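Numbers here are sequence positions counted from 1. Values below: every heavy atom of this structure, side chains too, minus hydrogens, waters and symmetry copies. Please read these numbers as outputs of a predicted model, since none were measured by experiment.
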Amino acid sequence: MPTTAPTPKAVLHQRFGAKARYTVEEVREAVGGCPGLAPQTRSVYRCALELPGLSVATPGTFVRKKDAEQAAAQIALDKLGIQPTANIPTTPEEAWDELIARISGFFIDESFLSSTHPLVGHLSVTLRRTGDLIGRLPLSAIAACDVKVNTLCKVIDSKAEFDPLLVLSLMYNAAKQSPGVSVNDSNFWIQSQKPYSPEAVDLALKRWSCTSDPVEVEAILVPHMLEDELKIVRVNLQDNEHYMSYVAEKLTVSDSSHVLVSRTIGKASSEIRLYFAAPSVHFVSDISKNVLACHGDGDINCQVNKRASYISGQTIYGDALLANIGYTRRDSELHTEDVNLCTYYRILLGKLPDGNCKMSRDAILAAQLPSAYSRFSWKGLSPRDLLCSFCRNQRLSEPLFAVSRVSCDMLTSAVSSEERGAPAKSVENQYTNDVRIDKETPDIFKCVVKICSRKQEILLEYSAADTWSKESDAIQNSALKVLIWFDNYFKQLNTKTNELYLSKCTDGFKIHPKNFLQEFAMCLSVYGNTGCNDSGMCSSVGPFTVDTPKKQLESTANLTHIEGPDSGVFPSHGSLTCISYTASLVMKDKEKIYLLESHNEFEFEIGTGAVSNQLESCVTQLSVNQAACFIAELPPRDLILAAASEFSHELSNVSRESCSLEFSVKVLQVTEPLEDRMEKALFSPPLSKQRVEFAVQHINELHATTLVDFGCGSGSLLDSLLEHPTTLEKLVGVDISRKGLTRAAKSLHQKLSKKSLVQTTVPTAVLYDGSITDFDSRLYGFDIGTCLEVIEHMEEDQASLFGNVVLSSFRPAVLIVSTPNYEYNPILQRSAMPSKDDEADENAGPCKFRNHDHKFEWTRAQFQCWATDLAVKHNYSVEFRGVGGSGDEPGYASQIAVFRRTARDTEEMCLNKDPGQPYELLWEWPNASIPV
């Protein structure tokens with residue numbers, strides 16, 4: 001079968017390791033734009049590469065960072081005269097002949113001893129021996145060190161990529177035919193038939209240092225029985241003996257020739273591998289001859305170690321030792337590093353969809369996979385890079401991103417059709433594997449993602465319904481959707497499979513169940529066995545849907561030890577917030593406190609699910625420069641040990657009932673949401689204040705005494721109304737977010753307390769926790785109701801339900817509803833003034849919504865159709881106004897509908913029909929304490 005050659009960057013890494021330093025520069029490249037809008041630009045990259053004694057740079061630019069890096073690496077290879085690709089045989093017969101020749105070359109060509117090949121490190125230890133032991137190596141050492149040997153074995157039999165036992169069988173049988181090489185019928189030793197010259201031996205010993213002092217290395221024993229616990233073992237390296245001899249002792253095998261070695265696990269620069277015992281020579285020899293298949297009939301060596309197999313992506317048999325020991329091209333001595341429980345669980349975490357997100361931010365306990373992508377606020381590895389890492393760690397093919405183009409004219413036609421009430425015509429995707437597509441016409445973009453096995457069998461397809469003004473945004477948002485799907489799949493492994501891929505896999509996803517379940521069989525066998533009671537991958541988080549973060553119940557943090565004055569600047573939905581925090585495991589007797597995680601500066605966007613619910617709840621209750629503590633829900637044991645570092649072994653024996661997780665948090669800085677920044681860049685006063693002034697005008701015109709704000713959030717409207725002279729005597733706010741209501745109560749309590757000191761009469765105020773689509777008789781017949789910039793955060797059917805409930809049941813005399821005007825978005829986008837770090841999208845096409853949390857944004861025609869239908873149905877009149885802009889084309893930035901009640905003949909009947917009071921009274925003024 002055809003074999004993929006190593007990339008130029010991989011070849012340089014083998015030669016230079018960390019000494020190869022890449023510097024990628026992002027630049028803007030102008031492309032076409034829509035008529036009448038600003039020119040479109042896109043991000044492209046160029047790369048400079050520093051090597052010892054050589055510097056190169058790419059002459060051109062590339063759409064992807066990794067393409068720029070590969071191009072720079074190729075230039076360096078050309079200048080150095082290094083050929084990255086040898087001719088790889090394409091047939092098993094050719095590969096077999098070359099495998100024989102390569103094994104022979106390691107031993108009969110004495111010049112090999114002067115090379116930097118890691119195998120020479122193994123040989124240098126054995127060359128210090130005497131007698132028949134001189135130069136005698138375990139055959140598996142070759143497989144551990146030489147990439148080409150493994151490549152040749154894969155050409156001979158593709159299953160060799162996933163089975164070290166098969167590789168050993170092929171190598172053993174090839175070695176028996178290799179000239180100048182001696183192998184044994186009773187073990188897996190290999191050595192040269194002729195002694196090496198003293199000169200060749202001296203060269204090897206000068207290049208590779210020996211272990212002069214005893215070294216103790218920590219490793220993990222992974223039992224093949226799932227119910228058995230991991231064990232910490234210590235490997236003592238001394239007396240200049242080959243390290244695999246000591247590994248053999250820990251595995252209780254006769255000698256190191258019977259030790260098998262997996263591929264490296266984790267980073268390419270790591271030497272973390274799994275070591276396990278090989279069966280008898282006769283058994284191994286026959287495997288590659290297709291005479292005997294291993295079924296594990298009573299032989300422990302043939303019982304598959306599911307945990308070890310899962311983390312390595314290869315089939316591991318029997319008990320296995322996870323250790324970081326080995327020789328590399330980068331060092332002249334044996335590389336050793338401890339592997340503890342923290343290492344193991346971080347490897348495990350890296351195989352999860354959200355694992356690399358947590359580790360790239362160095363926030364295992366705090367960070368979560370966000371529910372939305374924004375170039376302005378995303379931190380850590382990009383969604384595309386995270387998805388690629390996930391696929392590599394799961395031994396899948398690289399994800400395929402097929403970008404398609406939708407022209408501005410076609411989109412305008414589709415929108416016009418929707419405004420007329422006709423279904424929009426679908427636009428067929430034209431797929432391409434190359435995201436650097438032609439830009440002759442102004443476009444918006446869609447993206448399809450395909451996840452395939454190494455055999456190119458499709459496991460999952462995702463076709464995004466959304467369109468994006470930048471192709472990079474289309475790719476990143478689609479990659480994030482796929483990551484979220486996988487994240488929920490891993491968290492719901494105890495759900496029946498037919499429910500997973502039939503009733504739950506909608507919203508643009510198509511699953512190929514047979515291929516999918518076959519590819520993830522090892523994962524299912526490992527974590528399905530846990531019962532999902534204490535696994536990070538199985539913790540239940542609610543219904544299985546790509547929008548899980550939106551459906552989770554709020555988890556409020558109860559704050560203690562609040563320090564610092566209230567600055568009045570609170571994080572709000574969409575704001576970029578910077579905090580410092582520590583997370584510590586506290587024993588209930590308080591005798592010991594283990595610091596697991598800390599950050600001096602940690603940024604995230606409120607409302608995206610980028611951190612745990614309790615951490616976000618804590619942050620949104622604090623103002624800038626305030627600090628507090630709270631006790632968090634104890635995370636799964638896997639995550640605790642992954643974060644525990646040097647405490648991992650000690651904490652592995654701690655009972656969950658005897659400890660708690662305590663966060664200490666301080667809010668350092670709050671940057672207001674991008675939507676607000678865009679509005680402030682264009683409007684003075686800002687749109688939010690203009691909406692308040694619009695409401696105040698109608699309150700005073702009506703001489704209204706009662707007002708209810710539907711979807712009051714953190715009480716910004718109610719708070720602002722207290723600063724204006726009005727006729728209001730009673731203010732009521734309703735919202736489903738307890739966090740927002742708590743913040744509203746604090747703000748209103750503080751302001752009303754000050755007003756009561758200087759005024760004889762102040763309004764009463766009440767806050768209710770409840771859904772605005774549910775009727776509560778206490779709010780019936782108010783003078784005025786407001787719902788400002790709320791409905792776009794609901795699904796369209798819920799927005800219609802709200803309209804029907806409020807006009808048929810609540811029946812205020814006047815209802816004011818505002819929502820963004822989608823047609824105004826290009827003006828807002830073009831007028832935004834980003835900071836140095838926030839590069840604006842310069843109108844690459846029709847804009848996306850102003851906030852990623854918006855479920856829809858309506859044109860004027862769509863909004864007017866919605867409001868007119870409601871008014872006619874419920875005996876209201878409606879007029880359309882707006883704020884922001886002059887009202888000329890394309891209308892106001894924020895469009896407003898003012899409903900006025902025209903009939904009262906059904907009021908009493910409506911009230912008597914449903915006297916229910918489902919809302920929970922959270923706070924009222926006067927005579928109320930602030931909720932916590």
Side-chain angles (χ1 to χ4, degrees), residues 419 675-676 678-680 682-704 706-713 716-718 720-721 724-728 772 782-794 796 799-800 802-804 806-807 810-828 831 849-851 854 856-902:
E419 291 175 357
E675 179 183 6
D676 294 344
M678 287 196 299
E679 292 180 355
K680 285 184 177 181
L682 187 60
F683 302 107
S684 182
L687 277 182
S688 58
K689 289 189 176 181
Q690 292 189 40
R691 285 189 287 266
V692 172
E693 291 171 356
F694 184 91
V696 169
Q697 177 187 344
H698 280 74
I699 291 167
N700 291 332
E701 286 178 359
L702 291 168
H703 300 288
T706 56
L707 177 143
V708 54
D709 187 20
F710 295 102
C712 66
S716 58
L717 173 63
L718 302 177
S720 298
L721 289 175
H724 292 77
T726 67
T727 55
L728 292 174
I772 62 175
F782 271 48
D783 292 338
I784 191 166
T786 56
C787 185
L788 306 184
E789 310 296 294
V790 173
I791 61 172
E792 63 273 11
H793 295 271
M794 309 166 72
E796 290 189 74
S800 295
F802 161 72
N804 282 307
V806 72
L807 296 182
F810 287 105
R811 294 192 64 75
V814 171
L815 175 69
I816 301 174
V817 179
S818 75
T819 192
N821 173 13
Y822 178 75
E823 297 166 88
Y824 207 90
N825 286 4
I827 297 176
L828 278 177
S831 302
F849 300 155
R850 299 181 196 178
N851 189 304
H854 289 181
F856 64 86
E857 287 181 7
W858 282 334
T859 62
R860 287 167 293 170
Q862 289 172 316
F863 180 55
Q864 290 170 15
C865 179
W866 174 82
T868 301
D869 287 347
L870 288 172
V872 171
K873 183 177 180 180
H874 299 292
N875 295 316
Y876 276 75
S877 66
V878 63
E879 63 175 312
F880 297 98
R881 305 279 294 279
V883 295
S886 64
D888 297 331
E889 286 299 322
Y892 292 102
S894 186
Q895 50 189 338
I896 300 175
V898 181
F899 298 86
R900 299 180 189 274
R901 191 174 61 211
T902 59

Heavy-atom pair of closest approach, residues [X] and [Y]:
X: Gly711; Y: Ile772; answer: N-CG2, 3.6 Å
X: Arg860; Y: Gly891; answer: NH1-N, 3.6 Å
X: Leu707; Y: Leu728; answer: CB-CD2, 3.8 Å
X: Pro685; Y: Gln690; answer: O-NE2, 2.9 Å
X: Val708; Y: Phe782; answer: N-CD2, 3.7 Å
X: His793; Y: Glu789; answer: CD2-O, 3.5 Å

Within the side chain of [X], is there an N or O that forms a donor-acceptor pair under 3.5 Å with the backbone of [Y]?
X: Glu792; Y: Phe856; value: no
X: Ser818; Y: Ile896; value: no
X: Thr727; Y: Asn700; value: no

Output all residues satisfying ring-ring contact (aromatic ring centres under 6.0 Å, His included) with Phe710, sequence neighbours left out; order by chain, then residue number. Phe802, Phe810
Is there a side-chain contact between [X] and [Y] in this structure, where contact means two heavy atoms from C-beta onward sitting under 4.5 Å apart?
X: Gln895; Y: Gln862; answer: no
X: Tyr876; Y: Arg811; answer: yes
X: Pro812; Y: Val806; answer: yes
X: Pro820; Y: Phe863; answer: no
X: Leu702; Y: Asp783; answer: no
X: Tyr824; Y: Arg850; answer: yes
X: Tyr892; Y: Leu687; answer: no

Those residues at least two apart in sequence (or on a different chain) that pass side-chain hydrogen bond (donor to acceptor under 3.5 Å, both in side chains) with Thr786 are Asp709
Going from [atom1] on [X] to [atom2] on [Y], what distance comes out if it is rounded to the nearest 0.5 angstrom?
X: Leu788; Y: Ser688; atom1: CG; atom2: OG; value: 10.5 Å
X: Cys712; Y: Leu717; atom1: SG; atom2: CG; value: 9.0 Å
X: Thr868; Y: Glu879; atom1: OG1; atom2: CD; value: 12.0 Å
X: Leu815; Y: Leu807; atom1: CG; atom2: CG; value: 5.5 Å

Quick one: do Glu701 and Gln697 satisfy side-chain hydrogen bond (donor to acceptor under 3.5 Å, both in side chains)? Show the steps, please. CA-CA 6 Å; Glu701 286 178 359; Gln697 177 187 344; 3.1 Å; yes
Please verify the inter-ring angle class for Trp866 with Phe899; under 30° counts as parallel, over 60° as perpendicular, anything in between as tilted. perpendicular
Just one of Asn821, Asn825, Thr819 clears the side chain to side chain donor-acceptor pair (under 3.5 Å) bar with Glu857, so which one? Asn825
